[in-house]
Participant: 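What follows is a single structure, and I will ask about it in a moment.
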There are 2 protein chains.
Amino acid sequence: MSSTSATSTSFAVLGLLALGPGSTYELTQQVQRSLGRMWPRATSRLYEEPKKLVALGWATATAESVGRRPRTVYTITAEGRAALARWLAEPAQGPVLEFEQLLKLVFADQGSRDDALRTVAAARAWAEQANVGNLVAAREYASGKGPQQHRAAPPLLAGAFLTDFYALVARWADWAAEQIETWPDDPADAVADPAEFEAIARRADW
Amino acid sequence: MSSTSATSTSFAVLGLLALGPGSTYELTQQVQRSLGRMWPRATSRLYEEPKKLVALGWATATAESVGRRPRTVYTITAEGRAALARWLAEPAQGPVLEFEQLLKLVFADQGSRDDALRTVAAARAWAEQANVGNLVAAREYASGKGPQQHRAAPPLLAGAFLTDFYALVARWADWAAEQIETWPDDPADAVADPAEFEAIARRADW
DNA sequence: TCTCCTATACTCTCAATGAGAGTATGAGAA
DNA sequence: TTCTCATACTCTCATTGAGAGTATAGGAGA
């Protein structure tokens, strides 16, 4: 019962409750499927959050039951909506990227060329998988099945970013594979192509 | 003295040591400036890692001193290089993105249109800042001042990705601002433009 | 009808981590 | 001479992630 103040995760859960009441299990599913793409959190953490919201008076808990199995449904309160609105008005953090495959590529000169090729291939596969998940989310959105309002504008802003992000990873992986193919057997001897360096520098000029 | 097994952070530090010996302070600076863009870690964590590397026999610690102030310089061992090579051969995790500003935009219908505009403006500003840092890193790289080998090919793979990522955030923020400008005063009434939805769907078709 | 298997619906614990306060000296600028 | 910033760490605490563990519901197939 960590009764400390509300975190961004608390507000993420509160935001989901703003779209309609639900059990923690349903909330965890939403986070896994859609919200987790921009705010990934452990399931165990998500189970704690609604309790905090109730303690803050931002949600109410209703005990239901499916047969003999209990189930707690949470509903946002008026104060909860007000708190959510206040949070939306506060400045937010920019993107934080954690990319282990890219980390390995930085040190690729300490390994084999095949290692590097396998790593970019895995990144390409990741992007394809993420894109498939994205299409599923898009269909849910378009059909109104998802948690969002039917064809509401705000989720589309996130969808656009994620779509382009996955495409970026895929295109970058293809380009990186091409580059690595030109390397000598020992990546430690690989020298950067000045033309590529210039091309990248131009893409940073905006 | 957490003597548990080596994490990706351990290997990140080991990778930096592979480029040359250094004190933990220097390592933390490298992580803050360059590696942190794809593998952000707390400074306190970074101070623990070299000790773990020594315990594993992957690095040696040499006590030096600058005047009366002690300073520990770490050097990678042959076993360290072998361990690093083994790690590079293992599969790595795909990108993990944490983007609070995007999270707020998903729930933008619970706030004001100005909130949303301020949030995308902050994202745009973040991208500009990141791009400036990127140019600094690029100059270091080109001049051979950085930790990397002069004009080695591997770091360029990471540079290319990050450059395009920052540009993506900026371009997306500009587009998002345009979209939000067309919303009514209450974002809850904003309906997605079908043409935009189609455009995004096409960008997901690859 | 009975048996799986999967979905629902949680609780609990432990190790890892982040954040930041705290301490101290060196080096160079004002 | 003093100040400020860089160097070089240690320590602690609350948060978090990861995953094991428990139990019922519901539908598919034998």
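Just the heavy atoms: all of them, side chains too, but no hydrogens, waters or symmetry mates, feed the values below. Below, chains carry the letters A, B, ... as their sequence lines are ordered, and counting in each starts from 1. The model shown is predicted, which means the values in this text are computed figures rather than measured ones.
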Participant: By nearest atom, which of the nucleotides D:dT16, D:dG17, D:dT10 is closest to the A:Thr7 side chain?
Facilitator: D:dT16
Participant: Expressed as a whole number of angstroms, how long is the span from A:Trp39:CH2 to D:dT16:P?
Facilitator: 9 Å
Participant: For the pair made of CD in A:Glu49 and P in D:dT16, what is the distance, rounded to whole Å?
Facilitator: 7 Å
Participant: Using whole Å, what does the distance between atom P of nucleotide C:dT11 and atom CZ of A:Arg71 come to?
Facilitator: 14 Å
Participant: Donor-acceptor pairs under 3.5 Å, side chain of residues 153-167 of chain B to any protein atom, not counting sequence neighbours: which ones?
Facilitator:
{"unit_1": "B:Thr163", "atom_1": "OG1", "unit_2": "B:Asn134", "atom_2": "ND2", "d": "2.8"}
{"unit_1": "B:Thr163", "atom_1": "OG1", "unit_2": "B:Gly159", "atom_2": "O", "d": "2.7"}
{"unit_1": "B:Asp164", "atom_1": "OD1", "unit_2": "A:Arg203", "atom_2": "NE", "d": "2.6"}
{"unit_1": "B:Asp164", "atom_1": "OD2", "unit_2": "A:Arg203", "atom_2": "NE", "d": "3.3"}
{"unit_1": "B:Asp164", "atom_1": "OD2", "unit_2": "A:Arg203", "atom_2": "NH2", "d": "3.1"}

Participant: side-chain contact (heavy atoms from CB on, under 4.5 Å) with B:Val96: which residues, sequence neighbours excluded?
Facilitator: A:Pro40, A:Glu98
Participant: May I ask you to evaluate whether B:Thr24 reaches the phosphate of D:dA8, defined as a side-chain N or O under 4.0 Å from OP1 or OP2?
Facilitator: no
Participant: By the side-chain hydrogen bond (donor to acceptor under 3.5 Å, both in side chains) test, which pairs, at least two apart or in different chains, include something from residues 121-130 of chain A?
Facilitator: A:Arg124-A:Glu128, A:Arg124-A:Asp174
Participant: Are any of the side-chain heavy atoms of B:Tyr141 and B:Arg139 separated by less than 4.5 Å?
Facilitator: no
Participant: I'd like to check the side-chain contact (heavy atoms from CB on, under 4.5 Å) partners of B:Arg202; sequence neighbours left out, ordered by chain and number.
Facilitator: B:Glu198, B:Ala199
Participant: Please list each protein N or O that sits under 3.5 Å from an N or O in nucleotides 19-21 of chain D, with the distance.
Facilitator:
none

Participant: Calculate the interatomic distance between B:Lys51 atom NZ and D:dT10 atom C1'; express it in whole Å.
Facilitator: 7 Å
Participant: Taking OP1 and OP2 of D:dA8, is either one under 4.0 Å from a side-chain nitrogen or oxygen of B:Tyr25?
Facilitator: no
Participant: Quick check: on DNA chain D, is the nucleotide nearest B:Tyr74 upstream (toward 5') of the one nearest A:Pro40, or the reverse? Name the residue that is more 5'.
Facilitator: B:Tyr74
Participant: Using atom CD of B:Glu48 as one end and atom P of C:dA15 as the other, report the distance to the nearest whole Å.
Facilitator: 16 Å
Participant: Could you run down nucleotides 23-29 of chain C 5' to 3' and tag each one B, S or - for protein heavy-atom contact under 4.0 Å?
Facilitator: --BSS--
Participant: Looking at side-chain heavy atoms only, is the closest gap between B:Val13 and B:Leu46 below 4.5 Å?
Facilitator: yes
Participant: Would you kindly give the CD-to-C1' distance between B:Gln29 and D:dC9, to the nearest whole Å?
Facilitator: 13 Å
Participant: Name the closest nucleotide to the A:Arg41 side chain, picking from D:dC9, C:dC10, D:dG17.
Facilitator: D:dG17
Participant: Between atom CG in A:Leu46 and atom P in D:dT16, what is the gap in whole Å?
Facilitator: 11 Å
Participant: For B:Thr9 and B:Trp39, test the side chains for any donor-to-acceptor distance below 3.5 angstrom and give the result as yes or no.
Facilitator: yes
Participant: Can you tell whether the side chains of A:Glu90 and A:Arg86 come within less than 4.0 Å, N to carboxylate O?
Facilitator: no
Participant: Respond yes when some side-chain nitrogen or oxygen of A:Thr72 is under 4.0 Å from OP1 or OP2 of C:dC10, and no when none is.
Facilitator: yes
Participant: Looking just at side-chain N and O atoms, do A:Gln179 and A:Glu196 make a donor-acceptor pair shorter than 3.5 Å?
Facilitator: yes
Participant: CZ of B:Arg45 versus C1' of D:dT12: gap in Å, rounded?
Facilitator: 14 Å
